[in-house]
Every structure is written in structure tokens, then in C-alpha cells.
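Input: a single structure, listed below in C-alpha cells.
A note on names: the letters A, B, ... follow the listed sequences, proteins ahead of strands, and every chain is numbered from 1.
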Protein chains: 2
Amino acid sequence: MRDMAVRRRPTHEIAADLRAAIEAGELPPGSRLPSRAALAERYGVAELTVTHAMTQLRHEGLITSRAGAGSYVRGPQQLLRASRLRLSRAERVAGRGTFATDAHSGGWTARSDVEVRTERADATVAGYLGIGEGDEVLVRDRVMYADDEPVQLATSYLPAELATGAMAEPDSGPGGIYARLEDAGHVLTHYEETVRVGRATESEAAALRTTPGTPLLRLVRRAHTATRVVEVNLITMLGERFELHYEAPAE
Amino acid sequence: MRDMAVRRRPTHEIAADLRAAIEAGELPPGSRLPSRAALAERYGVAELTVTHAMTQLRHEGLITSRAGAGSYVRGPQQLLRASRLRLSRAERVAGRGTFATDAHSGGWTARSDVEVRTERADATVAGYLGIGEGDEVLVRDRVMYADDEPVQLATSYLPAELATGAMAEPDSGPGGIYARLEDAGHVLTHYEETVRVGRATESEAAALRTTPGTPLLRLVRRAHTATRVVEVNLITMLGERFELHYEAPAE
DNA sequence: GAGTGGTCTAGACCACAAC
DNA sequence: TTGTGGTCTAGACCACTCC
């Protein structure tokens with residue numbers, strides 16, 4: 001652009017230029033951006049100005065940067081669909097848990113690291129489960145991987161007296177914890193989910209290999225039998241990688 | 001703190017200090033933060049360093065800044081619950097649309113600006129509605145306000161041949177567009193919603209009085225009768241102000 | 001060892017709000 | 001008019017990656 005218009009805000013202009021180049025495919029996914037120094041030279045601005053433009057693009061999820069290695073255009077990430085099927089009894093009977101169900105229909109591979117322990121319920125968990133504060137609960141702490149990238153954290157709580165057999169094992173067996181609950185005679189009637197958007201704390205960012213402040217989806221799922229809440233699961237997902245599906249009757 | 005430990009990252013330290021002061025109530029909501037110059041002096045750093053710390057807090061939603069006026073601690077924002085009730089026929093019969101239903105149960109006031117027009121469906125909309133590309137659709141474009149702050153954008157599309165009577169008016173009447181569809185004999189059977197996280201573009205940011213890059217909730221809601229999709233609504237919500245509620249049967 | 005992005009200093013100009 | 005936050009320049013040091 002030889003006849004560049006009057007420069008309004010160099011930061012915005014540089015960000016817009018790079019964004020356009022990425023979207024036009026001139027900078028394809030995986031390709032390396034010019035270095036900070038090169039861009040500063042090209043646009044005739046200070047390096048800090050270029051830095052701000054690149055920070056903006058990073059916040060938009062368009063690029064990633066690593067000190068020493070450079071800045072690269074991010075490829076379109078595979079979208080992980082959390083379908084309404086994931087809670088179906090049919091899938092449980094087929095031996096798949098919720099995460100595995102989504103993986104199966106989405107064509108990605110699922111893997112989890114699980115830690116199991118018991119602790120006393122704090123006020124929040126007690127409230128969700130409808131039990132007393134300080135009552136014993138089984139805690140199942142999970143990091144879930146899609147194609148070997150960590151994409152979801154989940155901490156599940158069950159009243160200790162319900163958590164028998166494989167429920168207290170790291171591997172809860174085919175169909176997961178909901179299948180074990182039903183094996184034990186706790187027939188599930190419905191699930192309740194609340195969805196919020198949050199931002200990654202430092203520890204969440206470390207676990208999900210992202211940066212603090214990244215948008216997250218925070219779900220609270222409660223599993224009900226006819227008489228009580230038998231489990232609550234606090235789920236944290238990489239916000240921009242998931243698509244949640246729900247269905248509701250018109251009545 | 002006289003015996004301050006070795007300074008690791010001034011930006012993080014200052015942000016953590018201010019965050020702690022806000023959370024401890026030493027800087028209550030509405031109160032003004034010390035100026036950039038004052039903080040730079042206090043911490044013995046450059047003003048740019050303080051600026052970065054404040055930018056971080058702004059991204060976390062803790063403060064707002066206005067040039068000339070100062071930086072202020074934001075009050076806790078009212079959380080807007082989008083309950084599963086919002087799609088119930090009972091609420092429609094009571095004369096409330098989806099947004100008004102949430103307002104009614106949440107205790108906030110709802111208001112909308114509506115624009116209505118017809119256009120030809122693009123591939124995306126045609127796909128959602130199961131009609132042909134280029135077919136005429138009625139478009140209802142809305143900005144929705146909670147307590148007079150814009151919090152949600154919604155663009156609703158209906159196949160033109162279904163959009164009779166008040167559906168084509170800015171005020172679609174009590175119970176909203178779904179009530180009119182049922183009046184016209186299109187009995188709704190179920191809704192389907194997909195939820196994703198996105199970031200505000202510049203125009204979305206302007207409409208929602210926020211900054212580009214702010215996390216948003218993007219919903220696609222399709223209303224079904226027994227035989228077809230009669231409406232699709234592309235909804236954009238301020239991510240951090242909404243909580244979505246869903247319920248699913250265990251089967 | 002050369003080059004990268006992350007972070008910091010020191011100083012500056014601006015539009016704007018408040019007085 | 002004074003001070004605010006928003007933005008920019010110019011220069012620097014660092015840990016780190018890659019060769």
C-alpha cells in the first residue's frame with residue numbers, strides 16, 4: 001500500500017492488516033509471522049506498538065507466540081461438540097461415558113487422568129447435593145484430553161454413602177459413574193445443567209495449556225433420581241473449543 | 001510492606017495487590033483507584049507498568065477506566081439467568097416472551113429495540129431453516145436491554161410464508177413470536193439450542209457497550225413443529241452476565 | 001551465538017473530564 | 001486549568017529457542 005491513508009492508530013492498523021492477511025490466507029495456519037523487529041521496521045513504528053497489535057491478535061485467538069520461537073498463525077481448531085446424546089442411557093449401556101460419547105460421535109480420541117479422594121463437603125457442594133456441610137463426599141477430579149490436548153477439567157462429587165464399588169475407583173468402568181449409580185439401583189430421572197462463561201485462572205490456564213484470562217465454559221451438572229441429587233459435576237471447558245447442544249420440549 | 005520480597009514481575013505484583021484490595025473491600029465498588037502516576041510513584045515503577053496492571057484488571061472485569069475521569073472499581077453485576085422456563089408454553093400464555101420471562105423471574109426490567117425486514121436467506125440461514133437459499137425470510141433484529149443496559153442481540157429468521165399478522169410487526173404482541181406462531185396453528189414441539197463462546201467484534205462491542213474481544217455467548221435456537229423448523233434465532237449475549245439453565249431427561 | 005517474544009524504564013503528546 | 005487514562009517513541013535486558 002503505497003498511498004497509505006493518514007495513520008490513525010498504528011496498533012489498530014497493524015492488527016487489522018495482519019488479521020486481513022491471515023483471513024485472506026496470505027498467512028496460512030502454521031505459518032510464522034514476521035518478527036516484532038521486522039514489523040516495527042516495516043510499519044515505521046516502535047516495537048512496543050507492534051507488540052500491542054500482536055497481543056490483540058493473540059487475545060482474538062488468531063496467533064500464538066513463544067519467546068525464542070516466534071509467532072505463528074493458529075490453525076482452525078477442531079470443534080468439540082457436547083451433544084445432548086452424551087447423557088443418554090443408550091450410550092451408557094453401550095459402555096461410553098459422557099466425554100467418550102462426544103468423542104465417539106465427533107471422531108476425536110478421548111482420554112482422562114483421574115484422581116479419586118474423599119473429603120468433607122463445603123457449603124457450595126453441600127448446597128448442590130442437598131446434604132449437610134461437612135458430610136463426607138467422594139471427589140473425582142479429572143483432566144480430559146481430546147486428541148491428547150487437555151480441553152476440559154471436571155470435578156465430580158457424590159455423597160459418600162452412595163459411592164460404592166467402582167465409583168470409588170479411578171476407572172469407574174464402562175458407561176462411567178452414571179452407569180454405576182444405576183447399577184446400584186439409583187435410577188436417574190433427569191439432569192440439570194447451568195452454563196456460565198468465565199476466565200481462566202492461573203492454575204486452570206496451566207492445566208489446560210492456555211493463558212490466564214482465556215474464556216472458559218463453566219458448567220454445573222446435577223444428576224437427579226426421583227428423590228434426590230446423587231451427583232454434581234463442576235466442569236470447566238476451553239470456551240472456544242466446545243459447542244454445547246441442548247433440546248427442550250415446547251411444553 | 002517494608003520487607004518486600006524480591007520483585008518478580010512488577011505488573012503481576014501490582015495487579016495482585018490491587019485485586020486483593022478490591023476483594024478485601026479496601027477499595028469498595030464505585031471507589032476510585034489511585035491515578036496511574038500515583039501508583040507508579042508508590043511502587044517505584046514506570047507508568048506503563050502500572051498501565052499494564054490496570055489493563056489486566058479491566059480484562060478481568062474488576063475495574064473500568066475513562067480518560068480524564070479516572071479508574072473505578074466495578075460493582076458486582078447482576079447475573080441474568082436464562083432459565084429453562086423461558087421456553088415454556090405457560091409463560092407464553094401469561095403473555096411473556098422469552099426475554100421477559102427471564103426478567104420477570106430475575107427481578108430486572110426488560111426492554112427491546114426491534115427492527116423488522118424481509119430479505120433472501122443466505123446459505124447459513126437456509127440451512128438452519130431447511131429452506132432454499134434465496135427464499136424470502138422475515139428478519140427480526142433486536143437489541144435487548146436489562147435495566148436499560150444492552151446485554152443481548154438477537155436476530156430471528158422465519159420463512160416468509162409463515163410470518164403473518166403481528167409476526168411482521170415490530171411489536172409481536174403478548175407472548176412474542178412463538179405465541180403468534182401457535183396462534184397461526186404451528187404448534188411447537190421442541191426447541192434446539194447450541195451454545196458457543198465467542199469474542200465481541202467491533203460492531204458487537206459498540207452495540208453492547210463493551211470492548212472488542214469481550215467473551216460472548218452465542219446461541220442458535222431453532223423452534224420446531226412436528227414437521228419443520230419454523231424459526232431460527234441467532235443470539236449474542238454478554239458472556240459474563242448470563243447464566244443459562246437447561247434440563248434433560250435421563251433417557 | 002543470533003534472534004525471538006516478554007517485560008521494563010523514561011519520557012512524551014493527546015483528548016477528555018472535572019473543577 | 002489541571003490531571004486523567006490512552007497511546008506512542010526509543011532504548012534496554014532477559015529467558016528462551018533454534019541453529
Taking only side-chain nitrogens and oxygens of [X], does any of them come within less than 4.0 Å of OP1 or OP2 of [N]?
{"X": "B:S71", "N": "D:dG5", "value": "yes"}
{"X": "B:T49", "N": "C:dT9", "value": "yes"}
{"X": "B:T11", "N": "C:dC8", "value": "yes"}
{"X": "A:R9", "N": "D:dT7", "value": "yes"}
{"X": "B:S35", "N": "D:dT4", "value": "yes"}

Rounded to whole Å, how long is the line connecting atom [atom1] of [X] with atom [atom2] of [N]?
{"X": "B:E41", "N": "C:dG11", "atom1": "CD", "atom2": "P", "result": "13 Å"}
{"X": "B:Y43", "N": "C:dT9", "atom1": "OH", "atom2": "P", "result": "14 Å"}
{"X": "B:H59", "N": "D:dG5", "atom1": "NE2", "atom2": "C1'", "result": "14 Å"}
{"X": "A:E47", "N": "D:dT9", "atom1": "CD", "atom2": "C1'", "result": "12 Å"}
{"X": "B:R58", "N": "D:dG5", "atom1": "CZ", "atom2": "C1'", "result": "8 Å"}
{"X": "B:L39", "N": "C:dT9", "atom1": "CG", "atom2": "P", "result": "13 Å"}
{"X": "B:L18", "N": "D:dG5", "atom1": "CG", "atom2": "P", "result": "12 Å"}
{"X": "A:L48", "N": "C:dA12", "atom1": "CG", "atom2": "P", "result": "17 Å"}

Considering heavy-atom distances to DNA chain C, does A:P34 or B:G68 have its closest nucleotide positioned more toward the 5' end?
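Mapping each residue to its closest nucleotide by heavy atoms, the 5'-most match is A:P34.
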
Base of C:dG3, side chain of A:R36 - is there a donor-acceptor contact under 3.5 Å?
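By the distance-only test, no, there is no pair.
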
Between A:Y246 and B:Y246, how do the two ring planes meet: parallel, tilted or perpendicular, split at 30° and 60°?
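Answer is parallel, since the angle falls under 30°.
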
Pick the closest DNA chain D nucleotide for B:A37 and for A:H52 by heavy atoms, then say which residue is nearer the 5' end.
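Per heavy-atom nearest nucleotide, the more 5' residue is B:A37.
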
Compare the minimum distances between each of C:dA18, D:dT9, C:dT9 and the side chain of B:R66, then state the nucleotide with the smallest one.
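Out of C:dA18, D:dT9, C:dT9, the nucleotide with an atom closest to B:R66's side chain is C:dA18.
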
For A:R117, is there an ion pair with A:E119 - N to carboxylate O distance below 4.0 angstrom?
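Salt bridge flag = yes for A:R117 with A:E119.
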
Please check if atom OH in A:Y128 has more than 12 non-hydrogen atoms from other residues, nucleotides or ligands closer than 6.0 Å.
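Result for OH/A:Y128: open.
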
Hey, is CD on B:Q78 packed in by over 12 heavy atoms from elsewhere, all under 6.0 Å?
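Yes, CD of B:Q78 has more than 12 neighbouring heavy atoms, counting only those of other groups under 6.0 Å.
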
Main-chain N/O of A:P170 paired to A:R140 side chain as donor or acceptor, under 3.5 Å
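Yes, because the side chain of A:R140 sits within donor-acceptor range (under 3.5 Å) of the backbone of A:P170.
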
